[in-house]
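Read through the structure below, which is laid out as structure tokens, and then see the notes.
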Amino acid sequence: MKELKIQPIKNGSVIDHIPPGKALKVLRILSLPKKDTTSIISAVMNVPSETVGKKDIVKIEDKELDPDESDKVALIAPHATVNIIRDYEVIEKHALSIPNELVNIVKCPNPSCISNSNEPISPRFKVISKRPPIKLRCYYCEREPADIEAQII
């Protein structure tokens with residue numbers, strides 16, 4: 001039987017251990033792919049895993065995730081890992097974690113919240129629970145979004 005493999009990337013990021021079926025959401029919150037990009041982006045879904053049964057993997061050529069992007073991904077895949085690749089080698093590997101506070105990561109679902117007005121205020125949330133289901137509370141109006149994934153900026 002012939003096995004197909006995904007081509008390795010020379011430089012970029014590999015997000016591993018994404019829960020099955022969430023790879024496309026990870027791409028959406030990272031606003032990928034962009035219209036003018038020529039970089040290879042790979043999403044593999046339902047890959048067998050000895051530790052978790054099944055998982056998704058996302059490879060993004062020529063892009064290293066910044067801390068805000070990592071925080072966004074952590075809301076969807078709190079147990080994911082990010083591998084930074086340079087010259088085909090993993091030079092850095094770190095597990096994602098949800099910070100205690102999120103600023104400019106999630107939009108408040110309350111239309112009357114001051115963070116949704118024309119005031120120069122950034123959306124800010126306190127993390128109430130890091131264990132699924134993740135719970136956040138708006139710093140300004142104390143609203144807790146029911147669907148966090150839909151509120152990610």
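Note that the structure is predicted; figures quoted are calculated from it, not measured.
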Are side-chain heavy atoms of [X] and [Y] found at a separation under 4.5 Å?
{"X": "His79", "Y": "Val52", "result": "no"}
{"X": "Ile152", "Y": "Ile76", "result": "yes"}
{"X": "Asp68", "Y": "Ile105", "result": "yes"}
{"X": "Val127", "Y": "Pro99", "result": "no"}
{"X": "Ser112", "Y": "Cys141", "result": "no"}
{"X": "Val26", "Y": "Ile15", "result": "yes"}
{"X": "Leu75", "Y": "Leu102", "result": "yes"}

Query raised in the report: Of the non-hydrogen atoms in Ile128 and Leu136, which two are nearest, and what is the gap between them?
Result: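 So the minimum-distance heavy-atom pair works out to CG1-C, 4.1 Å.
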Enter the distance from [X]:[atom1] to [Y]:[atom2] here, rounded to the nearest 0.5 Å.
{"X": "Lys10", "Y": "Ile40", "atom1": "NZ", "atom2": "CD1", "answer": "12.5 Å"}
{"X": "Arg124", "Y": "Ser115", "atom1": "CZ", "atom2": "OG", "answer": "11.5 Å"}
{"X": "Phe125", "Y": "Ile148", "atom1": "CZ", "atom2": "CD1", "answer": "8.5 Å"}
{"X": "Ser31", "Y": "Lys72", "atom1": "OG", "atom2": "NZ", "answer": "6.0 Å"}

Report task. Could you list all the salt bridge (charged side-chain N to carboxylate O under 4.0 Å, His left out) pairs where at least one residue sits in residues 47-57, not counting sequence neighbours? Result ->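 Passing the test, one end in residues 47-57: Asp16-Lys55.
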Requested in this report: Can you run down the salt bridge (charged side-chain N to carboxylate O under 4.0 Å, His left out) pairs that involve residues 21-44, sequence neighbours left out, and say none if there aren't any?
Outcome: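 Only Lys22-Glu149, Lys25-Glu149 qualify under salt bridge (charged side-chain N to carboxylate O under 4.0 Å, His left out).
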Mind checking what makes salt bridge (charged side-chain N to carboxylate O under 4.0 Å, His left out) contact with [X], not counting sequence neighbours?
{"X": "Glu64", "value": "Arg86"}
{"X": "Glu142", "value": "none"}
{"X": "Glu61", "value": "none"}

**Report entry** Sidechain-backbone polar pair: Asp87 side chain, Glu89 backbone, donor-acceptor under 3.5 Å
**Finding:** no
Requested in this report: Please go through Ile114's hydrophobic cluster and name the other residues, only I, L, V, M, F, W, Y counting, with side-chain heavy atoms under 4.5 Å joining them.
Outcome: Ile121, Tyr139, Tyr140
**Report entry** Lys135/Glu144 salt bridge by N-O under 4.0 Å criterion
**Finding:** no
